[in-house]
Participant: 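Quick one: structure below, then a few questions.
One-based numbering along the sequence shown.
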Amino acid sequence: PQLAKNGGRPAARLRDTLRRDIERARRVAPDLPEIKLVQLDLLPPSKYADAFEILRALKAQVPQRPEVWIAEADVLAHVGRMAEAAESARRAAELDPLSPAGLSRWITMLAWSGATDVARKELERAERLWHGTGALRDAQFAFHLRYGDPKVARRLTSTSGYAGNWSDPYLQARLDPSAANIDRLLKRLKWPKAEGWLNTPGYAVQALGEFHRTDEVFDWLKLYPPEVVAYSSYILFRPALADVRRDVRFMQVAKRIGLVDYWRESGDWPDFCGEPGLPYDCKQEAAKLAP
């Protein structure tokens, strides 16, 4: 199903195939949980309320399925409820203790939520339990690329086939955040959509946010359609985007991708709205942006 969420004609064909498969499955086993999981993947990215409705049904039907809790963690991250996302990922890992992938997902979500020290400790535990596995290498790379030791991430790009073409200038800037290295990174990011990894704004937005290029983050986000930004909305709530969230323009971005309307209608506000020192009131700004 994840392939069907990516852009392009092959993805459109995959979505059509999945819809046909859903109809066939319904005729044979209408209550099959996998049907709801696939429906979740096929939702447009800004249908946050619909995603939670499907998740409520899944949790009532199969509360012990780890993939349900992983799906919930992903949706929670997309709407900025990062602490809850980490908790759902923890629950998934508990339900599947023999899976390094589950532990890897929890480590990643902990780092995204800002619990870097806890993520580091869990990564150390995973390194003892799952030495040599692909899931562990994924967790190591994801953590060290953005939150840990850039030297470790760089070693993994050269030994494990990770995407060194875009990560090298970013890691060099993390190792030495000089003006020259940051400029080199910005030049590497200059042409959005020039390569496959720039089909979404995520990599550039994360890098620009980390090096406090707030204006460039907002400029970059304007280059993409709302549905593309919504698909990567979870990145907007990572620690590197703290400066961006403190800028009131962030609420306009959130409005554009359907988040403001979701927050107002659900009453479930993102974590950052309760952070000390936020220079605006989320609810007041959301009210100004209401239709």
Participant: Within the structure provided, determine whether Trp263 and Val79 are in side-chain contact (heavy-atom separation under 4.5 Å).
Facilitator: yes
Participant: Please assess Lys59 against Trp69 for the test side-chain contact (heavy atoms from CB on, under 4.5 Å), listing each intermediate value before the final yes or no.
Facilitator: CA-CA 8 Å; Lys59 288 172 69 177; Trp69 293 89; 3.6 Å; yes
Participant: Give me the atom names and distance for the closest heavy-atom approach of Leu175 to Pro150.
Facilitator: CD2-CG, 3.6 Å
Participant: Applying salt bridge (charged side-chain N to carboxylate O under 4.0 Å, His left out) to Asp281 and Lys288, what does each step give before you reach the verdict?
Facilitator: CA-CA 11 Å; Asp281 184 284; Lys288 293 176 187 177; over 6 Å; no
Participant: If we only count heavy atoms from C-beta on, is the Thr157 to Asp168 side-chain gap below 4.5 Å?
Facilitator: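 No - every pair of side-chain heavy atoms lies 4.5 Å or more apart.
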Participant: Can you name the nearest heavy-atom pair linking Ser232 to Gly202, along with the distance?
Facilitator: OG-N, 4.5 Å
Participant: Less than 4.0 angstrom from a charged side-chain N to a carboxylate O is my criterion; do Asp149 and Lys151 meet it?
Facilitator: no
Participant: Does Ala83 offer a backbone N or O that forms a donor-acceptor pair with the side chain of Ser113 under 3.5 Å?
Facilitator: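 The answer is no, because no donor-acceptor pair under 3.5 Å joins these two groups.
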Participant: Between Glu124 and Lys121, is the closest basic N to carboxylate O distance under 4.0 Å?
Facilitator: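 Looking at Glu124 together with Lys121, the answer is no, because their closest N to O distance does not fall below 4.0 Å.
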Participant: Between Asp219 and Arg213, is there a side-chain N and carboxylate O pair less than 4.0 Å apart?
Facilitator: no
Participant: Is a donor on one side and an acceptor on the other found under 3.5 Å between the side chain of Arg245 and the backbone of Leu236?
Facilitator: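 Yes, because the side chain of Arg245 sits within donor-acceptor range (under 3.5 Å) of the backbone of Leu236.
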Participant: Below 4.5 Å, heavy atoms only, C-beta onward: do Tyr48 and Ser266 meet side chain to side chain?
Facilitator: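 Counting from C-beta outward, Tyr48 and Ser266 never come under 4.5 Å.
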Participant: Could you point out which residue of Leu129, Ile107, Leu123 forms a side-chain contact (heavy atoms from CB on, under 4.5 Å) with Leu136?
Facilitator: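 Running side-chain contact (heavy atoms from CB on, under 4.5 Å) over Leu129, Ile107, Leu123 with Leu136 returns exactly one hit, Leu123.
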Participant: Taking Arg137 for the side chain and Gly132 for the main chain, is one N or O donor matched with an acceptor at less than 3.5 Å?
Facilitator: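 Yes, the answer is positive, given that a donor and an acceptor are paired below the 3.5 Å cut-off.
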Participant: Do Ile235 and Phe218 belong to the same hydrophobic cluster, where Ile, Leu, Val, Met, Phe, Trp and Tyr are linked whenever their side-chain heavy atoms lie under 4.5 Å apart, directly or via other members?
Facilitator: yes
Participant: side-chain contact (heavy atoms from CB on, under 4.5 Å) between Leu95 and Val68: does it pass, once the steps are laid out?
Facilitator: CA-CA 11 Å; Leu95 288 169; Val68 172; over 6 Å; no
Participant: With a 4.0 Å cut-off on N to O distance, would you call Asp261 and Lys255 a salt bridge?
Facilitator: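 Salt bridge: yes.
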Participant: Would you mind reporting whether Asp243 and Phe211 have side-chain heavy atoms less than 4.5 Å apart?
Facilitator: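 The answer is no, as the side chains (C-beta and beyond) never meet within the 4.5 Å cut-off.
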Participant: Could you tell me which non-hydrogen atom of Ser88 sits nearest to which non-hydrogen atom of Leu76, and how far apart they are?
Facilitator: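 Looking at all heavy atoms of both residues, the closest pair is OG-CD1, 3.5 Å.
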Participant: Which distance, rounded to the nearest 0.5 Å, do you find between the CG of Asp50 and the CG of Leu55?
Facilitator: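 The CG atom of Leu55 is 11.0 Å from CG of Asp50, to the nearest 0.5 Å.
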Participant: If I compare all heavy atoms of Glu285 with all of Tyr280, which pair ends up nearest, and what's the gap?
Facilitator: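 Glu285 and Tyr280 have their closest heavy atoms at CG-CD1, 3.7 Å.
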Participant: Between Val244, Leu259, Val217, which is the residue that forms a side-chain contact (heavy atoms from CB on, under 4.5 Å) with Phe250?
Facilitator: Val244
Participant: Do you reckon Leu241 sits in the same ILVMFWY cluster as Trp269, going by side-chain contacts under 4.5 Å, direct or chained?
Facilitator: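 They do share one cluster, since a chain of ILVMFWY contacts under 4.5 Å joins Leu241 to Trp269.
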Participant: Side chains of Tyr170 and Glu210 only: does a donor on one sit below 3.5 Å from an acceptor on the other?
Facilitator: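 Indeed, the side chains of Tyr170 and Glu210 share at least one donor-acceptor pair under 3.5 Å.
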Participant: Carefully, step by step, assess Thr108 and Arg105 under the rule side-chain contact (heavy atoms from CB on, under 4.5 Å).
Facilitator: CA-CA 5 Å; Thr108 300; Arg105 188 62 175 155; 4.3 Å; yes
Participant: Please determine, by modelled atom types, if Gln206 and Arg238 share a side-chain donor-acceptor pair under 3.5 angstrom.
Facilitator: yes
Participant: Assess whether salt bridge (charged side-chain N to carboxylate O under 4.0 Å, His left out) is satisfied between Glu34 and Arg65, documenting all intermediate values.
Facilitator: CA-CA 11 Å; Glu34 284 76 8; Arg65 292 279 292 271; 2.7 Å; yes
Participant: For the residue pair Asp268 and Tyr262, establish whether any side-chain heavy-atom pair is separated by less than 4.5 Å.
Facilitator: yes
Participant: Would you kindly confirm whether Ile70 and Leu42 end up in one hydrophobic cluster when ILVMFWY residues are joined by side chain heavy atoms under 4.5 Å apart?
Facilitator: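 Hydrophobic grouping puts Ile70 apart from Leu42.
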Participant: Shortest non-hydrogen contact from Thr133 to Pro100?
Facilitator: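 Heavy-atom minimum between the residues: OG1-CB, 4.2 Å.
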Participant: What I'd like to find out is whether the side chain of Arg91 reaches to under 4.5 Å of the side chain of Trp106, using heavy atoms alone.
Facilitator: no
Participant: Checking the side chain of Trp130 only, and the main-chain atoms of Arg125 only, is there a donor and an acceptor separated by less than 3.5 Å?
Facilitator: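 Side chain of Trp130 to backbone of Arg125: no pair is present.
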Participant: Would you check if Val62 and Leu58 make a side-chain contact, meaning some heavy-atom pair closer than 4.5 Å?
Facilitator: yes
Participant: Once you round to the nearest 0.5 Å, how far does CD1 of Ile257 lie from OG of Ser233?
Facilitator: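 So the gap between those two atoms works out to 5.0 Å.
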Participant: To check you understand the geometry: which heavy-atom pair defines the closest contact between His144 and Val152, and what is its length?
Facilitator: CD2-CG1, 3.5 Å
Participant: Stepwise, does the side-chain contact (heavy atoms from CB on, under 4.5 Å) test hold for Phe237 with Asp271?
Facilitator: CA-CA 9 Å; Phe237 302 104; Asp271 296 353; over 6 Å; no
Participant: Using side-chain heavy atoms (C-beta onward) and a distance below 4.5 Å, is Glu84 in contact with Val75?
Facilitator: no
